[in-house]
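Below, all heavy atoms of this structure are taken into account, side chains as well, without hydrogens, waters or symmetry copies.
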Amino acid sequence: MTTTLLRTAGELHARARAGRRAVVMTMGALHEGHATLIRTARGIAGPDGEVVVTVFVNPLQFGKGEDLDRYPRTLDADIELAAQSGADVVFAPSVDEVYPGGEPEVRITAGPMGERLEGSSRPGHFDGMLTVVAKLLHLTRPDLALYGQKDAQQLALIRRMVRDLNFGVEIVGVPTVREEDGLALSSRNRYLSAAERRTALALSGALFAGQDRHAAQEALRARAREVPATRARAEALSAIGESRAAADTHAVATAVPGGPAAVRAAARAVLDEAARLDPPLALDYLALVDPSDFTEIGEDFTGDAVLAVAARVGATRLIDNIPLTFGSFGAAS
């Protein structure tokens with residue numbers, strides 16, 4: 001299909017619209033993760049709708065010492081990938097088009113939720129992100145906007161902004177796309193050497209370890225509920241792999257299987273091992289949080305949660321996460 005490159009909001013607003021407009025916001029350097037977002041947008045918008053991909057490297061999202069100048073600019077390749085994935089328009093405005101008066105004096109503030117995890121590591125990042133998302137939503141006027149779940153805190157904040165400030169747009173989250181070895185797709189992966197990439201696999205490895213522990217716990221809870229709190233229950237727990245080497249029958253029969261703490265411990269064991277590799281992984285944070293506000297969950301938590309990790313390998317900082325559901329008596333979502 002023919003994909004049109006537009007540089008100004010006026011050009012975009014002048015386009016005739018029939019169906020729904022779906023927007024995928026990017027900072028360029030598009031990869032298969034972005035292609036998945038675009039294809040999903042195409043499917044939702046349908047043949048009569050319009051898919052707009054924004055390409056804008058937002059200076060407000062980069063803190064002191066971060067890689068604004070280093071960030072890859074690959075517009076020609078981005079247009080080609082967007083076209084192959086089903087985009088009608090690539091909207092690539094200049095900094096002056098987005099911020100005509102220079103850096104804005106009035107900005108969106110992420111609040112306490114934006115000060116946790118990524119916000120703590122990158123002060124001001126989420127204020128800059130929400131400000132440009134608000135600007136681009138106004139400039140593109142979509143019916144829906146799609147964002148990847150790899151940036152889970154970003155997605156949660158955008159949803160909160162849209163709800164709290166009454167934006168008339170639907171926000172759609174799209175699952176993380178991974179490479180064959182499990183590494184979450186990111187434009188920053190290109191900075192990793194072969195040795196650094198091997199170390200970086202600990203991020204997804206830690207998440208999968210936590211997910212496996214969680215699935216075992218939920219299966220254990222489900223099985224335990226099927227038998228009375230007697231010796232039979234202890235035997236049922238033991239039969240599906242719960243060690244009771246240091247416990248008597250009564251202790252095992254009345255024990256509550258490990259909760260969030262056990263999930264964190266399983267993930268941290270992988271990260272601790274990676275810290276001893278060459279090159280080592282330098283952990284920024286490992287967190288198991290409530291996606292509604294990104295606060296740590298307690299042992300009695302039930303509902304949806306996010307297991308998130310951030311770390312540096314060499315000079316490259318990477319993030320990843322995986323969704324879990326506690327109290328469902330089933331596997332992770």
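With hydrophobic clusters built from ILVMFWY side chains whose heavy atoms lie under 4.5 angstrom apart, V174 shares a cluster with L144. Connection of V98 to L60 is established within a shared hydrophobic cluster, with ILVMFWY side chains joined at heavy-atom distances below 4.5 Å, either directly or through further cluster members. Under the 4.5 Å side-chain contact rule for hydrophobic residues, V52 and V169 share a cluster. In the hydrophobic clustering of this structure, I108 groups with I171; members are Ile, Leu, Val, Met, Phe, Trp, Tyr whose side-chain heavy atoms approach within less than 4.5 Å, directly or through other members. A continuous path of hydrophobic side-chain contacts links L183 to L283 [ILVMFWY only; heavy atoms under 4.5 Å].
Aromatic ring centroids of F326 and H214 lie under 6.0 Å apart.
Residues I79 and L5 meet the side-chain proximity criterion, which asks for heavy atoms closer than 4.5 Å. Considering only heavy atoms from C-beta on, Q154 comes within 4.5 Å of M129 through its side chain. In this structure, L137 and P142 have side chains that are in contact, with non-hydrogen atoms separated by less than 4.5 Å. By the 4.5 Å heavy-atom criterion applied to side chains, V23 and F91 are not counted as neighbours. Considering only heavy atoms from C-beta on, N58 comes within 4.5 Å of F56 through its side chain. Residues I158 and L130 are in side-chain contact: their nearest non-hydrogen atoms beyond the backbone lie under 4.5 Å apart. Between H34 and T36 there is no side-chain heavy-atom pair separated by less than 4.5 Å. For the pair R213 and E218, the minimum side-chain heavy-atom distance is 4.5 Å or more.
Atom CD of E80 is separated from atom OG1 of T74 by 11.0 Å, given to the nearest 0.5 angstrom. Summarising the geometry, atom NE2 belonging to H125 is positioned 9.0 Å from atom CG belonging to L157; distances are rounded to the nearest 0.5 Å. Atom OG1 of T316 is separated from atom CG of N189 by 8.5 Å, given to the nearest 0.5 angstrom. Interatomic distance, CZ of R21 versus CG of D143, reported as 8.5 Å (0.5 Å rounding). Distance CZ/R17 to CD/E50: 6.5 Å, rounded to 0.5 Å. Taken from CZ in R39 to CD in Q84, the straight-line distance is 10.0 Å, to the nearest 0.5 Å.
There is no side-chain donor-acceptor pair under 3.5 Å between D127 and T109. A side-chain N or O of E118 and one of Y285 form a donor-acceptor pair less than 3.5 Å apart. No side-chain N or O of Q153 forms a donor-acceptor pair with one of N321 less than 3.5 Å apart.
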| query | Would R197 and E179 satisfy salt bridge (charged side-chain N to carboxylate O under 4.0 Å, His left out), going step by step from the backbone distance to the final call? | reply | CA-CA 12 Å; R197 185 185 178 90; E179 300 191 40; 2.8 Å; yes

| field | side-chain hydrogen bond (donor to acceptor under 3.5 Å, both in side chains) between T295 and D290, intermediate numbers included | value | CA-CA 6 Å; T295 57; D290 182 338; 5.2 Å; no

| request: Determine, stepwise, if the pair Y99 / K135 fulfils side-chain contact (heavy atoms from CB on, under 4.5 Å). | output: CA-CA 9 Å; Y99 303 121; K135 293 275 289 186; 4.2 Å; yes

| query | Does the pair S94 and D96 meet the rule for a side-chain hydrogen bond (donor to acceptor under 3.5 Å, both in side chains), with working shown? | reply | CA-CA 5 Å; S94 66; D96 288 340; 5.1 Å; no

| field | side-chain contact (heavy atoms from CB on, under 4.5 Å) assessment of I44 paired with L146 | value | CA-CA 10 Å; I44 295 174; L146 295 86; 4.1 Å; yes

| request: Verify salt bridge (charged side-chain N to carboxylate O under 4.0 Å, His left out) between D293 and R116, making sure each step is shown before the conclusion. | output: CA-CA 9 Å; D293 59 9; R116 301 174 184 127; 5.1 Å; no

| request: Apply ring-ring contact (aromatic ring centres under 6.0 Å, His included) to the pair F167 and H138, showing each step before the final yes or no. | output: CA-CA 9 Å; F167 280 69; H138 290 314; 5.4 Å; yes

| request: For side-chain contact (heavy atoms from CB on, under 4.5 Å), just list the numbers for V24 and Y147, CA-CA rounded to whole Å, side-chain angles, deciding distance to a tenth of an Å, and then say yes or no. | output: CA-CA 7 Å; V24 175; Y147 302 90; over 6 Å; no

| message | Using the rule given for side-chain contact (heavy atoms from CB on, under 4.5 Å), can you reason through L288 versus F301, listing the C-alpha separation, both sets of side-chain angles and the distance that settles it, and then say yes or no? | response | CA-CA 11 Å; L288 185 54; F301 180 87; over 6 Å; no

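When all heavy atoms of G86 and V51 are compared, the pair lying nearest together is O-CB, 4.0 Å. A pairwise comparison of heavy atoms in A45 and R20 identifies CB-O, 3.9 Å as the closest pair. Considering all non-hydrogen atoms of both residues, L81 and A35 come closest at CD2-CB, 3.8 Å. Nearest heavy atoms, S292 versus R160: O-NH1, 3.5 Å. Residues I38 and A87 come closest through the heavy atom pair CG2-N, 3.9 Å. Pairing each heavy atom of L117 with each of A287, the nearest pair is CD2-CB, 3.7 Å.
A salt bridge links R42 with D88: the closest approach of a Lys/Arg side-chain nitrogen to an acidic carboxylate oxygen falls below 4.0 angstrom. Contact check on R122 versus D284 returns no salt bridge, with no Lys/Arg side-chain nitrogen under 4.0 Å from an Asp/Glu carboxylate oxygen. By the 4.0 Å N-to-carboxylate-O rule, R7 lies too far from E97 to be salt-bridged with it. A salt bridge links E296 to R264: at least one charged side-chain nitrogen sits closer than 4.0 Å to a carboxylate oxygen. No salt bridge links D320 with K150; every basic N to acidic carboxylate O contact stays at or beyond 4.0 Å.
Looking at T131, its side chain never comes within 3.5 Å of a backbone N or O of R107 through a donor-acceptor pair. When atom types are taken as modelled, the side chain of E196 and the backbone of S193 share a donor-acceptor pair closer than 3.5 angstrom. Remark: the backbone N or O of L201 is paired with a side-chain donor or acceptor of S204 at under 3.5 angstrom. A distance-only check finds no donor-acceptor pair linking the side chain of R15 to the backbone of L12 [under 3.5 Å]. Side-chain atoms of T3 never come within 3.5 Å of backbone atoms of V89 as a donor-acceptor pair (strictly under, hydrogens ignored). With hydrogens and angles ignored, the 3.5 Å screen pairs a side-chain donor or acceptor of E299 with a backbone N or O of A261.
Within 6.0 Å of atom CD in E170, more than 12 heavy atoms from other residues, nucleotides or ligands are found, so the atom counts as buried in its surroundings.
Every residue was checked against the salt bridge (charged side-chain N to carboxylate O under 4.0 Å, His left out) condition with E11, not counting sequence neighbours, and none meets it.
Between L207 and the choices V309, L324, V270, T176, the side chain to side chain contact (heavy atoms under 4.5 Å, CB included) rule is met once, by V309.
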